[in-house]
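Read the structure below first, then the notes.
Reminder, nothing fancy here: chain letters follow the sequence lines and each chain counts from 1. All values below come from the heavy atoms of this structure, side chains included, with hydrogens, waters and symmetry mates left out.
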Amino acid sequence: MLQTTFIRENETLIIERLKKRNFDATTIIRQIIELDDNRKKTQQDLDALLSESNQLAKQIGDLFKQGKQQEAAALKEETALLKDKSTFLKEQQTSINDELLKLLYQVPNIPNEIVPAGKSDADNEIVFENKKQITLSNQKLPHWELAKKYNIIDFELGVKITGAGFPIYRGKGAKLQRALIRFFIDEAEKSGYEEIMPPLMVNEASGYGTGQLPDKEGQMYYMPVDDLYMIPTAEVPITNIYRDVILKEEDFPIKNVGYTPCFRREAGSYGKDVRGLNRLHQFDKVEIVQIQHPSKSYETLDLMVEHVKGLLEKLELPYRIARLCGGDLGFTSALTYDMEVFSAAQEKWLEVSSISNFEAFQANRLKCRFKNKEGKIELVHTLNGSALALPRILAALLENNQTENGIKIPEALIAYTGFEFIN
RNA sequence: GGAGAAAUGGCAGAGCGGUCGAAUGCGGCAGUCUUGAAAACUGUUGUACCGCAAGGUACCGGGGGUUCGAAUCCCUCUUUCUCCGCCA
């Protein structure tokens, strides 16, 4: 959520930038500013009124002490009217605040200057490509066939136990999952991230904190009996650690890495993209999160991209990096890089990571702030990225490394798997 | 799940319905002293909103109520602790 003061001071800039998202903010920004004027006015009136009745109350107290019951009683009558007025204004204030918040929730983050304009993923800008060639025989199989052939993932069994989108990994398939998780976490720790193991369910406040609520509640599994949500990504519990927190400048940068399963309802998904491991309701992901000083967040974003690049290099996967266009950019993000690996049998680029700088947008909802050198309280910048999401990595590993002798495990993983081939 | 106790500033811990944004201690920050440090002493030390400012308003776990006036009384929710039961 954008700050109202920022909106007031940058009206034209915001409207201009949001055009990149194909979002016409003209009306809503006007409404926000008018409502905010209204809010200020109401508070001034209310404060004056409360101030008056506070003083009266004090006088009445004094009069009682001096034993002047009659005069006190007279003053009491005055307070009744004040009270009526102030309750009315209080109600008005709450409703204005609610309405203002509702409007603010509707305005997406403003894209960074370098975000290309565009409507869909077709307009994303490829900024880097590793052109590693994968040559496969004519007998190449998609990963779901390979999974069956080597008996490492059972999709049908998952359907029996739970439903579609909940695969069962077994044998070397399960081991490979565990190997990838450990590999990703170890690599992150080498880059200075502290490991976090968070809860897999979060409360409503946390959903609001990172922006899943109020808009995307349909994406999360919800348990009404306990009023809890299953996390769609470790970003939610990890970033919410810093909700309502005031940091010190020397705390920067905060670097956390967490492995969690992720749960997504994926309502409305259909067709080819959901085949095999491409889109699941439950999947594993290692997530990196950073809290950074506003002046350093873009530097940090680059470092995070470099980190994920390193992972893909070590896994020997062909990949490319896309700078998302305005139309593809997430609601809360100012700049996002998508990392895509090439899965050679499907002959498709699969998104395996999305690394974003949210600037102060998330921090404003979270109320995550720091005390700057002048002693002023300022919002932090938050960033996160997958490093990495497992299923599509697994898909690409299976497809790209299929040989006559089985699936070849990349060098960097053998220490973790304990085997060199799946056969 | 049953019974009881509690929730106050960064932490610890007072708090009688008005003089409480809240004693005191510790910690933090600034200063005096010192070659430097420690000690000692002095001062300072929450957040948000409104206001050019002076200043005002709100916040003592959350929400509601009583009252002219609530950290203090009442209701409710949440959390924590102790005891009992169950259990990975």
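Salt bridge annotation for A/Lys248-A/Glu250: absent, with no cationic side-chain nitrogen under 4.0 angstrom from a carboxylate oxygen.
Nucleotides B/G27 and B/U78, compared at atom C1', are 30 Å apart to the nearest Å. Taking atom C1' on both nucleotides, B/C74 is separated from B/C83 by 28 Å, rounded to a whole Å. Annotation: B/U8 and B/A71 have their C1' atoms spaced 7 Å apart (nearest Å). Spacing of C1' atoms, B/A22 relative to B/G17, comes out at 15 Å, to the nearest Å.
Donor-acceptor pairing under 3.5 Å is recorded for the side chains of A/Glu235 and A/Gln362. Under the 3.5 Å distance criterion, with hydrogens and angles disregarded, a donor-acceptor pair is assigned to the side chains of A/Glu313 and A/Tyr319. Side-chain polar atoms of A/Asn278 and A/Arg275 form no donor-acceptor pair below 3.5 angstrom.
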Side-chain donor-acceptor pairs of residues 30-39 of chain A under 3.5 Å, sequence neighbours excluded:
from	atom 1	to	atom 2	distance (Å)
A/Arg30	NH1	A/Glu11	OE1	3.4
A/Arg30	NH1	A/Glu11	OE2	2.9
A/Asp36	OD1	A/Arg39	NE	2.7
A/Asp36	OD1	A/Arg39	NH2	2.9
A/Asp36	OD2	A/Arg8	NH1	2.6
A/Asp37	OD1	A/Arg8	NH1	3.3
A/Asp37	OD1	A/Arg8	NH2	2.5

Show me the donor-acceptor pairs within less than 3.5 Å that the side chains of residues 158-167 of chain A make with the rest of the protein, sequence neighbours left out.
none

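Nucleotide B/A54 forms no Watson-Crick or G-U wobble pair with any nucleotide shown, as no partner meets the under 3.5 Å limit on both distances. Applying the Watson-Crick and G-U wobble criteria (two distances, each under 3.5 Å), B/U44 pairs with B/G28. If you check B/A6 for Watson-Crick or wobble pairing at under 3.5 angstrom, you find it paired to B/U79. With both pairing distances under 3.5 Å, B/C73 is matched to B/G65 as a Watson-Crick or G-U wobble pair. Taking a pair to require two hydrogen-bonding distances under 3.5 Å in either a Watson-Crick or a G-U wobble arrangement, B/G36 remains unpaired.
In terms of position along RNA chain B, the nucleotide closest to A/Gln93 lies nearer the 5' end than the nucleotide closest to the other residue of the pair A/Gln93 and A/Lys83.
Nucleotides of RNA chain B that come within less than 4.0 Å of any heavy atom of chain A span, from the 5' end to the 3' end, B/G18 to B/G69.
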